[in-house]
Amino acid sequence: MLLQDLRQTWELDSVFPGGSESKELLAEINWTENEAKELAKKADSFTFSNETFLSLIKELQSFSERLSTAGAFIGCLIAQDVKDKKAMALRGRLESVYAAFSNVGSVIDQKLMDISEDAWKDLMSLPEYEHIAFSLNERRMNAKEKLGISEESLINDLAVDGYHAWSTLYDLVVGRISIKVEIDGKEEELSVGQAENKFSSPDRNVRKDTFEKFVQAWDHEGEFCAASLNHIAGFRNEIYKHRGWEETLKEPLAINRMKEETLSAMWNAISSQKEIFVKYLDRKAKLLGLDKLSWYDVDAPLSSANSKMSYDEAAQFIVEHFRTLAPKMASFSEKAFLDGWIEAEDRSGKRPGGFCTGFPTKKETRIFMTFSGTPSNVSTLAHELGHAFHTDVLKEMPYYATNYAMNVAETASTFAEMIVADAAVSNAKSKEEKIALLEDKAQRSVAFFMNIHARFLFETRMYEERKAGQLSVERLCELMEEAQKEAFNGALDEYHPYFWASKLHFYITDVPFYNFPYTFGYLFSAGIYAKAKEEGPSFEEKYIALLQDTGKMEVEELAQKHLGIDVTKQDFWLKGIELAAADVEEFLALTEE
Ligand SMILES: [Zn+2]
């Protein structure tokens, strides 16, 4: 089928008609507010029997589906028009519902712990729990490993001002930083984000000068950032100590449902394969006329060669290439394009970036992005369609079996992106275009294998040292630079010692260690992609079965069951790295003089 004259705005009225004025939406929000209160009462007075438990779990899941549908819908309204005040007010109301519902969750966790081991085992072996036993077990285990409910709720309450507040304060500091630079003889005042964008300027003077001013700005706020980071790490270490958790990585690994051996195997495999990426960085330096790259050169463009595509062409291109390896994902995507599930129009007033969101009660998804025809837009579109397909294959599962961790969340999206990126390279119309596309892939590998590796090395070491006391600005810079040198195998001339201050991810208090899941997701997906290329379109059934299990097992079991692979061993990881290395080899061959 030829995809043409596609609509570029999404269709939302079938979910709740009338946008933020919708009476149906308002009624739904009223319902969630009342129902959250009802559920709180039910949780408090809950007494365990097989029947009462099953009916409570059913009710909780159906509530979660309705709440997340309403939440996703409001998210769509705000994304399509960031000035939609009505939608923002509705979001405020829903946030209170989320908070109330999370308290219901804590009460229920307590009740789960009170069920005897034998009764629990019997219960979980019933057919009704086939798909959700994993997530219920996980909840019960997590609750058991923590302190009692009164201590944990005290921690939660104190964390608002004693922990999360440091993160908020950090945001405030970042917000007031202004970096003065001179570009083309004109003085400009840049925010942190704007300054970071200048690191991909084609003009080295702009990059270098902005970087110097950028570092000065962070140096100026250094004491402040160090205090925030020390208190965030100190608070977290202290809680772990009280819970009797010895390893800093215990919680991040549990959240990502993976074993320490798996993480070590991944990083060890990466560490053993850095030379080829160093060669890429060296070649890039040469192409830019430099001896060695500095931190601010890594993202510099090599050329401006890239061809644009219309939205219809992009849709056609994506669906066609999905078809070669994943025919069901291709048909799903075609339907998404035709049914108005994608908001892609290039207009002002939309929020930046892209996302995919789901309406569980409708078993539908929507994709949001702004399409202006660049290769990066095409890959974002493929990426979000991958997410949407993941949600689609899970739509018949009970709600508690659909929550997957961050490390596997990016599996389907990266897989989809890889198909399209490879197709783009083979379809490149000129050598320059091919080089630009391969360079884009190489840059991603450098980000996952070097930049994020440095973040991980720094963060683990910093948390360890923090146990013995606070770290000074100088010490933080030292640790950061060491980590960068190690992760980049000494490939750079100048590093970014203040990266611990400038990278927001170290200050996120909701999720610890916001780094290794990215690399995991990328390589896990690369390994799957390698398999798909070996086996062809018939692999898709296995791939779908894997996606359907992402919310109900640990990653080791997931990989073993569906791919016959042991992710605690380096072999699997090396295969994924090999794919990335092959792109670099091609890049090196094409740019040889
Ligand atoms: Zn994504």
Side-chain angles (χ1 to χ4, degrees), residues 10 68 71-72 75-76 78-79 252 255-258 314-315 318 321-322 325-326 329 332-333 336-337 341-344 350-360 364-371 374-395 402-422 424 440-441 443-449 451-452 455 503-505 508 510-511 513-529 532 543-544 546-548 550-551 555 558 576 579-580:
W10 54 19
S68 86
C76 289
I78 296 172
I255 291 174
N256 287 286
R257 296 168 175 165
M258 64 192 277
I318 289 171
H321 291 287
F322 278 179
L325 278 187
M329 181 162 75
F332 167 81
S333 304
F337 280 114
W341 285 15
I342 304 168
E343 167 60 56
K350 284 172 74 166
R351 63 156 266 195
F355 64 81
C356 170
T357 193
F359 305 129
E364 289 184 8
T365 48
R366 292 294 184 276
I367 286 169
F368 177 89
M369 67 163 307
T370 300
F371 188 90
T374 65
S376 129
N377 290 160
V378 180
S379 66
T380 303
L381 196 49
H383 180 104
E384 301 307 337
L385 282 164
H387 279 307
F389 183 64
H390 191 175
T391 309
D392 192 64
V393 301
L394 283 168
K395 70 180 176 208
T402 61
N403 293 322
Y404 40 80
M406 179 181 169
N407 56 347
V408 294
E410 294 304 334
T411 301
S413 53
T414 314
F415 180 79
E417 230 184 294
M418 283 179 181
I419 296 178
V420 169
D422 268 4
D440 200 55
K441 294 179 94 183
Q443 275 190 349
R444 283 172 58 105
S445 299
V446 167
F448 289 121
F449 304 155
N451 186 316
I452 291 179
R455 299 182 204 179
K503 193 76 216 169
L504 161 87
H505 290 181
I508 293 177
D510 293 325
V511 189
F513 278 75
Y514 210 80
N515 41 58
F516 70 83
Y518 280 121
T519 305
F520 179 100
Y522 176 69
L523 274 179
F524 190 60
S525 178
I528 293 171
Y529 182 60
Y543 173 61
I544 290 173
L546 179 145
L547 292 180
Q548 283 171 334
T550 43
V555 292
L558 190 69
L579 275 186

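Indexing begins at 1, ligand by ligand and atom by atom, following the structure's order. The structure presented is a predicted model; accordingly, all values stated were derived computationally and were not measured.
When distances to the Zn ion (ligand 1) are checked against a cut-off of 2.8 Å, H387 contributes an N, O or S atom below that limit. Among the atoms of E410, an N, O or S atom falls under 2.8 Å of the Zn ion (ligand 1).
Looking only at N/O/S atoms, H383 comes nearest to the Zn ion (ligand 1) through NE2.
Relative ring orientation between H505 and Y514 is described as perpendicular, the plane-to-plane angle rising above 60° on a 0-90° scale split at 30° and 60°.
H390 and T411 share no side-chain donor-acceptor pair at under 3.5 Å.
No salt bridge links K395 with E364; every basic N to acidic carboxylate O contact stays at or beyond 4.0 Å.
Ring centroids of F332 and F322 are separated by 6.0 Å or more, keeping the two rings apart.
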